[in-house]
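Keep in mind that what you see is a predicted model, and the values were worked out from it rather than measured. All chains are named by letter (A, B, ...) in the order of the sequence lines, taking the proteins before the strands, and each is independently numbered beginning at 1.
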Amino acid sequence: MPPRAPLGEFEVTVLLSVLQLADDATGTAVRDDIAARTGRPLARGAVYVTLDRLNEKGLVASRFDEGSPARGGHPKRFFRVTPAGLRELRHSLSMLARMRAGLESVLKDV
Amino acid sequence: MTRPWFWPRRSARLARYLPSASVGMACGDLLEEFEERYAKAGRLRAEWWLALELASVYRAYKGSAMVSRPRRPPTALLQASDLRQAARILRRSPWYAATASGVMGLGLALGITVFAIVDGALFKPLPYPQADRLFTPIFGFSRLPQETRLFPAISPATLDAWRHAVPEAQITAYNSSLQTIGTHEMVRSARVDAAFFDVVGIPPAMGGFTDADFGPPTKIRPAILTDRLWRERFGGDRAVMGRTFFDEQETGEGIRVVGILPPEFVFPYPDSLAYTPRLLTPLPPAPPGSNGASLKALFRLPPGASSAAVSSAVKAQVAAEALSRPVPRSSTDGSERSRILREGYDTGALVALQAAITDRLRASSWAAFGAASTLLLLACFNVTGLMIARVRERWRELAVRRSLGASRLDLIRLLAAESVLIVGSGAAFGMVLAGLFLPLTTRFLTGSLLVLKPAAIDGRVAVYALLASIACVLLTTVFAARAAAQTGLRTAAAEGAGATRRARGSRAVLAIEIALAFIVAVSGALVSGSLLRVWKEDPGFDVRHTALVAMSTPRGASADDINRLLTDLQHIPGVVSAGGVGHALLERAFNGNAFDQPTGIADPAETGGPGRLPIESIPVTRGYFAAAGLQPTDGRVPTDEELSAGAPVVAVSKRVARLYWPGRRALGETLLNKGRGFTVVGVVPDARFMSLDTDPQGEIYWSVAAMPKPSISNVLLRLTPGTSPQTVATSIIRGCPDCWVRSAQTLDSALGVTIAQRQFSAWLFSAFGIAALVTVGTGILGLVAMTTRRRTREIGIRMAIGATPTAVLRQIVGEQLRAVAIGLLIGAIAATWLTGFLTGYLYKTTVYDVRSWAAAIVALFVVALIAAVIPSRQASRIDPVRALRAD
């Protein structure tokens, strides 16, 4: 099997956020989490479309719960990282780590 | 909970952009947060926030190629954007757009007009309640083919027999008449019996007859006015009800208005639709034992009654009557056909009123409809030709569109949109034009083409226009798309190569146009040529200042009564001479010959052996020869005294003299009538007694007074210039209240009525022919203008290497004329087959009439030449240097 295209930066960020949020990873929660941790405002659409793309690649899976009247009867959608997602994440992060090796003096305390 | 503004529309839009699993998530998340923000910051802020959020979601998903959002499938249906784009393109070429839609409009206008008339004539139901229950009797001859069917005049006795035989049917009887209103006015009227309104099913809008009105005739006759007469003569004033109009104060005779008919009422004549009565009076009861046939009948069958059963009852009755008729004495000689005709009809049937009317109209209606459709097709091909030329001119633009990602379907949709705009605006223009054409056309509609059902631009006509437009859009789009596809292929090849090959496609369309136009033009030339031939015919009568009054003397009138009447007529102011005819005149009727044919005369044309010639004997009264303007060519005409006394003398027409006594003088010969010898005293010119377009049969004029039962049915009057036939007719009615006056008109217009249908057809087909020439002319003009513009470079090269403008002109025009010649050839082949339908319209000629064909060919050729020369001249005058710079 040819190696899959590596994950994009935002995809890595979203996957990490889903892991952080464990069982509460809804679209809004992921956006708020990333915004809180990175300190930059984030477009809702960007999060949704990325979650959909990851879902399509099989890197995240989702489940729905009952819809509430406050949501107009629409169900809440919770995401979790699949084993394949975890594998891809590890692969991407290790790639980054290998690229980072030897640059500690330049990158300083990052 | 609070919903954001327009939430259903906004959520639906989300559903279009997002994968289905995410729609609920997005909607739910947004609603939840909207609620919170609404509670905290109010509606406006919350709405603002939502608008920004939604925009971010749309933007993200629109830009994402990975997410499979449901895309609009490629569609063959026209989009509003296609139409907008096409409108922009057409706005840049206003002349092209105007020409194409103008031609389309003209074609559609003629098509719509003719369809409205044909639809009224053939397809629309008659305007009576349960019109399918209305039937009319027809009589015929069991031993002759069907064309000799008649709408009979029947006697009160026959009517009673029918009423007795089929009690379940409602039967009404009516006849036509003339009626004076006041002292000077005379209008056509109908006398109807008590059952009339029940049978027709349309009661008067106001008033009506009472049972007492149908009793013995009174001096003041009750009358019901038609809506038209009421409005035109009385200005729609309701106060006219109950008013009495005296013919003459002293006698106390006149009419009293007792009712007014509704506007939609039309009189149900199955045979002579031109005869539309303006007022109705009660039909007086028949005197006992009367069996004069003067009534027309109309049946209404109750629902469920079988028309076949009633029809066979009618047939049985007619057959019984035929058997009881005495066999004419002279039936032992003469041809089979004339013997059958003399013996009278012997079979009958009941046919639906609708069928009785449409059967007569079918052939002429279809011919007119066919010609109009050909013209419409011609207009379509014209637009097609223009569109093809334009597509080829626009090949660069189309190629750019293709390279920018437009699919072939997109281009076809664009072409279809252009076609929709051109044809659509043409159709709108055509509807407006048709609205103007239709009243003009119906004014010219006379005789049997005038229909019971008024022609109108209605829903059915609109549907026809829509269907015709759709067909035209399809035709133009298919051809233009084909041209575009070929152009697409050629852009790959060297540019400029095959410019002439491209022109070939346009010339094929041109040839088709010419072929279609030729069929229409040759039809127009044939039909109008026939009318000219009829017009040139000499009626035999002197028509100047002559009037024809259709009138009958009362039954039982003696020869003296008739002579007295004629003498009285001669004393009416304005009358120079008056002569009665005991014979149908200009009614397309052949009444036979009371004289024995001299022995030994053969008529090979009719019988193939010795037989009886179709010669008529015509009883006339004193004053006839002076009134008809017949001067003797040999001998003299019978004198007034001889005619009044019933002297045994006759005048014969030239044809009779030639046929009966070939190579001899007719004067002094004797003709036998029931054994009585009549001496020929003179020869007069032949006269057209049946119609202007029926050859003279040959006439033997003898005295009405010599008839066993003297009677007259027409009076010819020579008037002083300026005297109107109507005024004289009024005086006749006043002087002879018992006479039955049916109509009064000039002899000229009576002759015109006999060829009214021919005149209308000629008018119609000439209009088609002219429209075809105009259409094909504009088509060629546009086509040549476009092709030459496209070939500017080629023309420039030719001129740069030494071609003179004349040579260029000759080349371009020559190319077009080759297409014209091919078109004429195709058209001629098609026309030999198609014009066969016109046989019935032709007079003394065949569909291969050389002069008509030559006229059509020359007209088309000249139009094509002019249309090709105008733009070509312009092209041949260009400066070669500028031409070479052109693309």
On a heavy-atom basis, the closest approach of Leu31(B) and His74(A) is CD1-CD2, 3.9 Å

Using non-hydrogen atoms only, which part of Glu33(B) is less than 4.5 Å away from chain A: side chain, backbone, both, or neither?
-> side chain

Rounded to the nearest 0.5 Å, what's the gap from CD on Glu32(B) to OG1 on Thr26(A)? Could you check?
-> 8.0 Å

Heavy-atom closest pair, residues Asp29(B) and Tyr48(A) | OD2-OH, 2.7 Å

Could you tell me whether Asp65(A) atom CG has more than 12 heavy atoms of other residues or ligands within 6.0 Å of it?
-> yes

Nearest atoms (heavy-atom pairs only) where Ala46(A) meets Ala60(B) | N-CB, 3.8 Å

Hey, is CZ on Phe6(B) packed in by over 12 heavy atoms from elsewhere, all under 6.0 Å?
-> no

Could you list which of residues 75-83 of chain A have a heavy atom closer than 4.5 Å to any heavy atom of chain B, in residue-number order?
-> Pro75(A), Lys76(A), Arg77(A), Phe79(A)

Quick one: of Ala21(B), Ala26(B), Ser11(B), who has the most non-hydrogen atom pairs under 4.5 Å with chain A?
-> Ala21(B)

What pairs with Asp24(A) under salt bridge (Lys or Arg N to Asp or Glu O under 4.0 Å), at least two apart in sequence or on another chain?
-> none

Residue-level interface, residues 36-45 of chain A with chain B, non-hydrogen cut-off under 4.5 Å | Ala43(A), Arg44(A), Gly45(A)

Contact listing (chain A partner; residues 44-54 of chain B; heavy atom under 4.5 Å) | Trp49(B), Glu53(B)

